[in-house]
Amino acid sequence: MRSWKERVTHTVLFEAGGLVMVTPLASWLTGHGLGEIGMLAVGLASAAMLWNLIWNRLFDVWVPTRRRSLVQRMAQAFGFELGLLIMTLPAVAWWLSIGIIEAFWLDLGFMLFFLAYAMVFNTVFDHIIMRRRLARGECV
């Protein structure tokens, strides 16, 4: 289990790293300005952090165990991403003055990027935390 400090550190580093990578890429791919995409990305990251708190609390009520199966973890990740996509789609279309279909593809691109990024980031973060705990002689 992560401490409160580790959770805050994880969230801040995850979102900052994601924004640094996705903002220039999305700006280049869409032709929208870096500032315009950057503000959108910050808004989406903020929505994702809030939704993460809500969704994971709901999921804990629905599936009250720490030892979840692969299918349960996939359902948790899919539910989070689908909920975020549905909630942010109108905002993406409005902010960029684009159609809902174009916004869907852009939002889906953000979602797929962050799914892959989350797998890599979480693996590295957990590895670093584990090494620090072992170095301090803590039980793992």
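The environment of CE in Met119 is sparse: at most 12 heavy-atom neighbours from other residues, nucleotides or ligands sit within 6.0 Å.
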Solution key, residues 24-37 side-chain donor-acceptor pairs under 3.5 Å, sequence neighbours excluded:
{"from": "Ser27", "atom 1": "OG", "to": "His32", "atom 2": "O", "distance (Å)": "2.7"}
{"from": "Ser27", "atom 1": "OG", "to": "Leu34", "atom 2": "N", "distance (Å)": "3.4"}
{"from": "Thr30", "atom 1": "OG1", "to": "Ala26", "atom 2": "O", "distance (Å)": "2.8"}
{"from": "Thr30", "atom 1": "OG1", "to": "His32", "atom 2": "N", "distance (Å)": "3.2"}
{"from": "His32", "atom 1": "ND1", "to": "Glu36", "atom 2": "OE1", "distance (Å)": "3.1"}

Under 3.5 Å, side-chain donor or acceptor atoms of residues 41-48 against the rest of the protein: list the pairs with distances, not counting sequence neighbours.
{"from": "Ser46", "atom 1": "OG", "to": "Val42", "atom 2": "O", "distance (Å)": "2.9"}

Show me the donor-acceptor pairs, under 3.5 Å and distance only, between side chains in residues 104-113 and residues at least two apart or in other chains.
{"from": "Asp107", "atom 1": "OD1", "to": "Thr88", "atom 2": "OG1", "distance (Å)": "3.4"}
{"from": "Asp107", "atom 1": "OD2", "to": "Thr88", "atom 2": "OG1", "distance (Å)": "2.7"}
{"from": "Asp107", "atom 1": "OD2", "to": "Leu89", "atom 2": "N", "distance (Å)": "3.4"}

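The side-chain contact (heavy atoms from CB on, under 4.5 Å) test applied to Ile128 returns Val124, Arg132, not counting sequence neighbours. Listed by chain and residue number, His127 satisfy the side chain to side chain donor-acceptor pair (under 3.5 Å) test with Arg131 (two or more places apart in sequence, or in another chain). Shown here are the ring-ring contact (aromatic ring centres under 6.0 Å, His included) partners of Trp55, two or more places apart in sequence or in another chain: Trp51, Phe59, Trp62. Residues satisfying the side-chain contact (heavy atoms from CB on, under 4.5 Å) test with Gln72, not counting sequence neighbours, are Val63, Arg68, Ser69. Ala16 is linked by a side-chain contact (heavy atoms from CB on, under 4.5 Å) to nothing, counting only residues two or more places apart in sequence or in another chain. Under the side chain to side chain donor-acceptor pair (under 3.5 Å) criterion, Asn56 pairs with Asn52, Gln76, sequence neighbours left out. The salt bridge (charged side-chain N to carboxylate O under 4.0 Å, His left out) search around Arg136 returns Glu138, not counting sequence neighbours.
Leu82 and Ile54 are not part of a single hydrophobic cluster, where members link through side-chain heavy atoms under 4.5 Å apart. A single hydrophobic cluster is seen to contain both Ile98 and Trp95, as judged by linkage of ILVMFWY side chains at heavy-atom distances under 4.5 Å, directly or through other members. The hydrophobic cluster containing Leu13 does not contain Met49, counting ILVMFWY residues as joined when their side-chain heavy atoms lie under 4.5 angstrom apart, directly or transitively. Using a 4.5 Å cut-off between side-chain heavy atoms of Ile, Leu, Val, Met, Phe, Trp and Tyr, with links allowed through other members, Met39 and Val92 fall into the same hydrophobic cluster.
Other cluster members for Leu53: none, since no ILVMFWY side-chain heavy atom sits under 4.5 Å from it.
Residue Leu115 holds its CG atom at 9.0 Å from CZ of Phe80, rounded to the nearest 0.5 Å.
Considering only heavy atoms from C-beta on, Glu102 stays 4.5 Å or farther from Leu96 through its side chain.
For residues 108-120, no residue pair satisfies the side chain to side chain donor-acceptor pair (under 3.5 Å) rule, not counting sequence neighbours.
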Discussion item. Run Phe114 and Phe121 through side-chain contact (heavy atoms from CB on, under 4.5 Å) and show every step you take.
Written reply: CA-CA 10 Å; Phe114 275 97; Phe121 181 90; over 6 Å; no
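Nearest heavy atom pair, residue Phe125 against residue Glu6, reads CZ-O, 3.6 Å. Taking every heavy atom of both residues into account, Gly99 and Ala93 meet most closely at O-CB, 4.2 Å.
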